Amino acid sequence: MMEPERGAGALPGTEEAAGAAQGKGRVNFPFPYTPYSIQEDFMAKLYDVLEAGKVGIFESPTGTGKSLSLICGALSWLRDFEEKKKQEEARLLADEHNGQDKQQQPTSCCAEASNCQSSVGELNWITEFMQKKEERAMVDRLKEEQIRRKKREARLEKIRHNVQLKYASKRKRLEDDETQRLLQLSTEILSTELGSDVLEQLDHEEEELILAEYESDEEKKMGSWLDEDDDDLEEEHVTKIYYCSRTHSQLAQFVHEVQKSPFGEEVRLVSLGSRQSLCVNEEVRHLGAVQLINDRCMEMQKNKHGKKSEGEESEGKKRRVSRAVCPFYSYEQMQFLRDEVLVKVKDIEQLVALGKEIKACPYYGSRYAIPAAQLVVLPYQMLLHESTRCASGIKLKDQVVIIDEAHNLIDTITCIYSAEVRGSQLCCAYSQLLQYMERYRKRLKAKNLMYIKQILYLLERFVSILGGNVNQNPNAQSISQAGTELKSINDFLFQSQIDNINLFKVQRYCEKSLISRKLFGFVERYGATSVVKTNKEKQKMAGLQNFLLALHQGPDKEAAIQCSPVEAEDGQPKMASPLMQIEGFLFALTSANQDGRVILNRQGTVGQSSLKFLLLNPAVHFAKVLKECRAAIIAGGTMQPVSDFREQLLSCAISADRVVEFSCGHVIPPDNILPVILCSGPSNQQLEFTYQKRDLPQMMDEMGRILGNLCNVVPGGVVCFFPSYEYEKQVYTHWERTGLLTRLATKKKIFQEPKRANQVEQVLSEYAKCIKRCSQVGGHVTGALLFSVVGGKMSEGINFSDDLGRCVVMVGMPYPNIKSPELQEKMAYLDKTMPRSAGQPPSKMLIENLCMKAVNQSIGRAIRHQKDFASILLVDHRYARPSVFNKLPQWIKERTEIKPAFGPAFAALRKFHQEKKSCHGSEAS
């Protein structure tokens, strides 16, 4: 019997899996090595959740192979799903031939109905007729999909095996490079002969003599190609898995795991990213700031295939304006890049390298690959933000969504949909927009003028509510009554006197008219080095430029005015026009009144003050994702406590029975970890690091004695987490004064976590080198002690594996600042909208959950692989409370020892590390 042909992109193990599914009901999971039992359980549960179309909350500790379990479990389900779909298609298409006789039945039914005059018979005939019509439509659709699929598979197979296509593409690129070089040479010769000033100052008659920018017939056709009924662009989105994570490095790591997996050769994977990550046009990349890159890209794209307006055409007769276009925005080359991406798995760096090599835009080329891709890898923002999702061509209908590293998912959604604008940005946008309107007033249509005036009014009222005047320099206007004020959306609109403006229409206008990009072009042209027609106009625009720069820089930065209209403030890149950020604030104001609050933060001057929209209900945005997709997986190394996900994110979108929880243990042996809750110190001082007691000298002294004893028995590195930078500094200063630091330094070299992100790598490098040197040389100093901060740079994403973290110490419980206005408003909102849990108000549960999420993230830094070992010391008697204790990860909780006194705790820690030292030494020898 002939083996059925497997098309390009077919996932491995299809036939075996089909047999397994029909036979014992056990799924075949291809894996690069023999999986741990917990990985098998993980994949089986994942498969069941996807098959049932549910929402799963999956917890798998770091070091247990979570990424591979996700890949092999999800792609095994997709493999089986595709096989079942093909079998169903084959059955329906086969039945079509057998159904020809049955199609005559509606006629006989019709005759019978007319003869009998029976209303029941007539109803049956109509129902049957509609069913047949739907079946025929389905069969036609299946035929079209089959044709498209075969065409795609043939194309990809051809690219996979036909090297000549690549050579032809490379030859064409070399020809294009040569043409570009000759054009550049011609420009340089003209510049040398005539001088650049002469070129810029030619009058209108001489402008007529200059050739307009040339575009080949092939390039001119590109715009029409995009409009044609192209099979590839009109292709239906195949069933796929959207995998998203927080950072590009995490996504790249995931893609590398896919490449190493049994699915690495066959799966059609595409990596998506921002323009900042994927742009290969050095002229655009050089702009640096995300918004500037986006604006310039959109402008170049519009120039490439945009049509001239009537005004531009008439003006073009007098003066031809050369418009910059992106050489990488070539439809033909982007098609080639799309197919190359689908043929072989590539991460972001490989995608960018390919784009540079074939002169194609990876940003747009990767989007063309989405419909045919089986696995789409993308950052959080692109999937969770609705407008970004739509703009990227992502369609979640009946697809699978996997959100990894999801422990901060609630905060991420809240951050994405919150918006903040400073007074300086509001004044700057007002000035720019007013100048824009005055310059082009005669050429703007009445509706454009109406909306621009509405936006100007909004900006004026926003500055006014902050206590300023939009017509004055915001950095020179002092605020008489500084402070923070919270308002509901409706109250803010009424107090600002803008409740009579339809913000939905204004937001829609901003989105459709691209006014922020128009304004960016205006500021770029007249706010920096511009070519103007007359000296009078030049003086006028120079004045505007200086005013705009003064607004951006403030009166104390005149030296920077000469550099560029886009300067950094507090180390952050600034956009040329802040209207885009203000549009985000306007969009936020269209939220339901109960879902958010507006924070008025009045500080020092109007320029320093700000308006912030705080999202209180992230579930309303996540619900749109859940309602569209077939199934969703929320995964992470530390997901406890999961009640937050259920109550704040899922409860309003789906029923409780659709949510499935899964938590697996760790692969390390039980005796490789020793978590201890320490209730009192060496001098029997009860350990309670509350805000009221933690500043007491005796509490800080007791903590010092605990660390001193630990450093005597723990080899290698000890990482000590404090609740905040302020408290860490306070304790460090106290120990320095009492001489404790000197005593600690005799056993461990002391390091402190830096506040600045760019110094973290250096500190970690020196910390690691010190530990390595101590283990090799020996002596009195046995390693290093690192003072770190919960929620800081080292509490997430950094691995203290092996000797880097033999003991992790958590000082107190890192509760958030309940005096924060944002947190107080969130607590009040939850108390109003959520039911009490276990007799506790939701606000108290929120505070406790935020604390324990931070603790779980920090203590998970130590154990990173199967042979690793470490002790964990939770220094506060409150950890022993059942409500707190039960929020620890299951694999830590089941091994935790609660020690009321220091003596037994210290004895257990000393015994643990002595045994590990002897075992470790015998293994090394």
Side-chain angles (χ1 to χ4, degrees), residues 49 52-59 384 403 406-418 486-491 591-597 613-627 631-634 636 638-663 813-856 878-879 881-890 893:
V49 170
K54 294 187 175 183
V55 175
I57 302 174
F58 280 67
E59 182 180 55
L384 297 174
I403 302 173
H407 55 275
N408 284 333
L409 182 58
I410 295 172
D411 293 337
T412 301
I413 297 172
T414 301
C415 184
I416 286 173
Y417 283 97
S418 295
L486 280 95
K487 295 187 177 297
S488 69
I489 297 173
N490 287 346
D491 287 346
S591 303
N593 185 54
Q594 69 273 17
D595 289 341
R597 295 290 181 270
F613 174 81
L614 173 68
L615 181 70
L616 296 176
N617 183 18
V620 71
H621 295 288
F622 195 58
K624 296 174 183 176
V625 174
L626 294 178
K627 285 174 182 175
I633 303 296
I634 303 170
T638 308
M639 298 299 287
Q640 291 292 339
V642 297
S643 57
D644 277 0
F645 295 101
R646 279 187 171 273
E647 292 162 12
Q648 294 185 46
L649 216 52
L650 306 177
S651 59
C652 75
I654 56 175
S655 59
D657 60 350
R658 199 186 156 198
V659 182
V660 176
E661 290 182 28
F662 176 84
S663 179
M813 298 185 69
Y815 283 107
N817 179 14
I818 57 172
K819 294 181 180 179
S820 158
E822 289 96 332
L823 187 56
Q824 286 182 345
E825 200 62 31
K826 180 79 172 179
M827 290 164 65
Y829 170 79
L830 291 177
D831 283 341
K832 286 179 186 175
T833 57
M834 298 287 176
R836 293 173 72 90
S837 176
Q840 289 188 324
S843 55
K844 187 175 180 183
M845 294 290 289
L846 170 71
I847 297 300
E848 210 164 73
N849 288 350
L850 287 173
C851 169
M852 291 309 295
K853 277 184 186 296
V855 169
N856 293 341
R878 292 174 293 171
Y879 282 109
R881 293 174 183 172
S883 63
V884 176
F885 182 77
N886 289 330
K887 290 185 169 100
L888 289 168
Q890 184 63 34
K893 183 170 59 178

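All of these numbers come straight from a predicted model, not from anything done at the bench.
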Nearest heavy-atom contact between His407 and Thr638 is CB-O, 3.3 Å
Any non-hydrogen side-chain atom of Asp644 less than 4.5 Å from a side-chain atom of Lys853?
yes
Below 4.5 Å, heavy atoms only, C-beta onward: do Val49 and Phe58 meet side chain to side chain?
yes
Does Lys832, at its NZ atom, have more than 12 non-hydrogen atoms belonging to other residues, nucleotides or ligands within less than 6.0 Å?
no
For the student: nearest non-hydrogen atoms of Tyr815 and Glu848, plus distance:
CE2-CA, 4.0 Å
Indicate yes or no for a side-chain donor-acceptor contact from Gln840 to the backbone of Met845 under 3.5 Å, with no hydrogens or angles considered.
no
side-chain contact (heavy atoms from CB on, under 4.5 Å), that's the test. Do Leu409 and Phe622 meet it? Break it down for me.
CA-CA 10 Å; Leu409 182 58; Phe622 195 58; 4.1 Å; yes
Met813 vs Val884 side-chain heavy atoms within contact, under 4.5 Å:
yes
Can you check whether Val625 reaches Ile403 side chain to side chain, under 4.5 Å on heavy atoms?
no
Report yes if some heavy atom in the side chain of Phe613 is under 4.5 Å from a heavy atom in the side chain of Ser591; otherwise report no.
yes
What distance separates Asn617 CG from Leu649 CG, expressed to the nearest 0.5 Å?
9.0 Å
Which heavy atom of Leu616 sits nearest a heavy atom of Gln594, and at what distance?
CD1-O, 4.4 Å
Run the side-chain contact (heavy atoms from CB on, under 4.5 Å) test on Ile634 and Leu650 for me, step by step, so that the C-alpha distance in whole Å, both residues' side-chain angles and the decisive distance to 0.1 Å come before the verdict.
CA-CA 11 Å; Ile634 303 170; Leu650 306 177; 4.3 Å; yes
Other residues, nucleotides, ligands: >12 heavy atoms within 6.0 Å of Lys54 NZ:
no
Could you check whether the rings of Tyr417 and His621 sit parallel, tilted or perpendicular, using 30° and 60° as the cut-offs?
parallel
Provide the closest heavy-atom pair for Asn856 versus Leu888 in the form atom of the first, atom of the second, distance.
OD1-CD2, 3.7 Å
Nearest heavy-atom pair of Leu614 and Ser418: which atoms, and what distance?
CA-OG, 3.9 Å
Rounded to the nearest 0.5 Å, what's the gap from CG on Leu846 to SG on Cys851? Could you check?
11.5 Å
Mind checking whether Leu830 and Glu647 have side chains closer than 4.5 Å, heavy atoms only?
no
Give a yes or no on whether the backbone of Gln890 and the side-chain of Gln640 come within a donor-acceptor separation of less than 3.5 Å.
no
Working to the nearest 0.5 angstrom, can you tell me the gap between Thr414 OG1 and Asn408 CG?
10.5 Å
With a 4.5 Å limit on heavy-atom distance, are the side chains of Leu823 and Ile847 in contact?
yes
Can you tell me if Glu661 uses its side chain to pair, donor with acceptor, with the backbone of Gly56 under 3.5 Å?
no
Under a 3.5 Å cutoff, is there a donor and acceptor pairing between the side chains of Asn817 and Ser820?
no
Would you check if the side chain of Asn593 reaches a backbone N or O of Ile489 as a donor-acceptor pair within less than 3.5 Å?
yes
Under a 4.5 Å cut-off applied to non-hydrogen side-chain atoms, are Phe885 and Met852 in contact?
no
Is the backbone N or O of Glu822 less than 3.5 Å from a side-chain atom of Arg597, with the two atoms forming a donor-acceptor pair by type?
no
Go through the side-chain N and O atoms of Asn490 and Ser488 and say whether any donor and acceptor fall under 3.5 Å apart.
no
Hey, could you give me the NZ/OG distance between Lys826 and Ser843, rounded to the nearest 0.5 Å?
12.0 Å
Considering all heavy atoms of both residues, which atom of Leu850 and which atom of Pro816 are nearest to each other, and what is their separation?
CD1-CG, 4.0 Å
